[in-house]
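Everything quoted here is computed from the prediction, not taken from an experiment. Keep in mind that the numbers below use all heavy atoms, side chains included, and drop hydrogens, waters and symmetry copies. Letters A, B, ... mirror the listed sequences (proteins, then strands); counts begin at 1.
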2 protein chains.
Amino acid sequence: MNQSLEPWMEELLHAEASGDKMTEKQSRIFEAAIEVFAEKGYSGSSTSEIAQRAGVAEGTIFRHYKTKKELLLSIVAPTMVRLISPFVLREFRDVFKTDYESVDQFLRAIIENRIEFLEKNQSLLKILIQELPFQPELRAQLEKVIFPQLKQRVGKVIAKFKSEGRMIDLPTPTIMRLAVSAIMGYVAIRSFYGTREGAVWDDAKERQATIDFIMKGLAP
Amino acid sequence: MNQSLEPWMEELLHAEASGDKMTEKQSRIFEAAIEVFAEKGYSGSSTSEIAQRAGVAEGTIFRHYKTKKELLLSIVAPTMVRLISPFVLREFRDVFKTDYESVDQFLRAIIENRIEFLEKNQSLLKILIQELPFQPELRAQLEKVIFPQLKQRVGKVIAKFKSEGRMIDLPTPTIMRLAVSAIMGYVAIRSFYGTREGAVWDDAKERQATIDFIMKGLAP
DNA sequence: CCACCAAGTGAGTGATTACTCACATTCATT
DNA sequence: AATGAATGTGAGTAATCACTCACTTGGTGG
């Protein structure tokens, strides 16, 4: 399953798994980097500004991260894992035993959950999406680790739904793509409008419409 | 309608409208810039590389564009206009007269048309999406010109569909968001996989599934 | 109390950046 | 052919870049 992760990836995952051994200054750097990267993009950010905003000397950054890119990856790679973490949890496999009242109920719950996650981590998501096209390591992780795991775990649940005739008969990746893109569109527009004064944006209704849209589109 | 465009925008639109008065070298710069920006991102690109790839001296770039950012905007601002141009065409308003057999037929046609456009202009789209969060001028144009025009033009057609009970009763922007995000998801994944050797991607089927998904989701 | 090492510093490094400018070339108009 | 403007050039500039390194600080184990 772990199909020989590359060393840098092992380290990153391990670093995250093994709790926060971070110095206070290091975590200040970490947070500041998230801020600046999200604000100006990776290429548009300078290590000097990150240091400044973290309240540390520029050299301190390189004490903890060999390069600027390593700092980026240490932020973004774990995010991809966290993004799919609910699907890897045991509870998720229990869908087989627990017979949900409706597909709706189950799907709604998980969609709401992921929307919540995305909104609480808007900066991380922004950085991830921005850098995905430019960082081959990230694309590799997505393709070799994230996609397969998603396909395997979620695939089983979707297969069950399909076999019960409660969901449209399409390939699992296609179904996921359609659902995910609707959610991403919702999140994207929401962040475009930000939280504004004269906002003509009824969030509850928009979210409901999005979920309904997905459900109706994926109905058999 | 034109609600007082800012000068730079006027110029850009005018420059495009008034045909190609470009020098050969200028258009070489223009094309090279599209290449490099799409490849490395705006901040990650250097004017020296653009000049090199265009086969001109670096100074030539600044003869035609005051700054690097102006070069970017000259590429990307017209793209936004072209993106919605079909909806501004006269034919589009004729939907009222011409009674389409089905909403399906009409929507399918226009969705296919825009997918085609996006695929033929992948680089431009990539640059646009990448820079939208960082260029206030672009966001302003989107908000003040693109969105309103879309809402007005497309709104009428959608209103007609809704009144005929052939489409779900949701706000126009919501309907557009749902349709557009599904299309963007399709385009994004397609470009992620690129055109590869062992591609497990049946394009025709994916496209069909996407369109069906939109139609079903927007059905009344 | 010493010795040791990781954590932290900030001045310094060469490379690269967007942009300028004095000058050369080409073009259009008379 | 002459002239003025538009186009093109590339060496030059100050600023900024990611990163290094000799050094200081602070905490921990013996």
So, does A:Lys68 get its side chain near the phosphate of D:dA18, meaning an N or O under 4.0 Å from OP1 or OP2?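 Answer is yes, contact under 4.0 Å.
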B:Thr174 side chain to A:Glu206 side chain, donor-acceptor N/O pair below 3.5 angstrom: yes
Side-chain donor-acceptor pair under 3.5 Å between B:Arg177 and A:Thr210, yes or no?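 Checked: B:Arg177/A:Thr210 side chains pair up, N/O donor to acceptor below 3.5 Å.
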Between D:dA18 (P) and A:Glu70 (CD): distance, integer Å: 15 Å
Report the distance from atom NZ of A:Lys69 to atom P of D:dA18, rounded to the nearest whole Å.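 Interatomic distance, NZ of A:Lys69 to P of D:dA18: 13 Å.
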On DNA chain D, does the nearest nucleotide to A:Arg63 precede the nearest nucleotide to A:Ser43 from the 5' side, or the other way round? Give the residue. A:Ser43
Quick check for you: among D:dT20, D:dT7, D:dC21, whose closest atom lies nearest to any side-chain atom of A:Phe62?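 From the listed options, D:dT20 comes nearest.
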Inspect the contact between B:Glu116 and B:Lys120 and indicate whether a charged nitrogen and a carboxylate oxygen are less than 4.0 angstrom apart.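 Not counted as a salt bridge, because no side-chain N and carboxylate O are separated by less than 4.0 Å.
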Hey, does [Y] have a side-chain heavy atom less than 4.5 Å from the side chain of [X]?
X        : Y        : result
A:Ile34  : A:Ile127 : yes
A:Met184 : A:Leu125 : yes
B:Val81  : B:Gln141 : yes

Establish, yes or no, whether a centroid distance under 6.0 Å links the rings of A:Tyr42 and A:Phe134.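 No, the ring centres sit 6.0 Å or more apart.
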Close residues, residues 44-61 of chain B, relative to DNA chain D [heavy-atom separation under 4.0 Å]: B:Val56, B:Ala57, B:Gly59, B:Thr60
Give the first and the last nucleotide of DNA chain C, reading 5' to 3', that has any atom under 4.0 Å from a heavy atom of chain A.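 Going 5' to 3' along DNA chain C, contacts run C:dA7 to C:dG10.
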Please work out whether the ring planes of A:Trp201 and A:Tyr193 are parallel, tilted or perpendicular, with thresholds of 30° and 60°. tilted
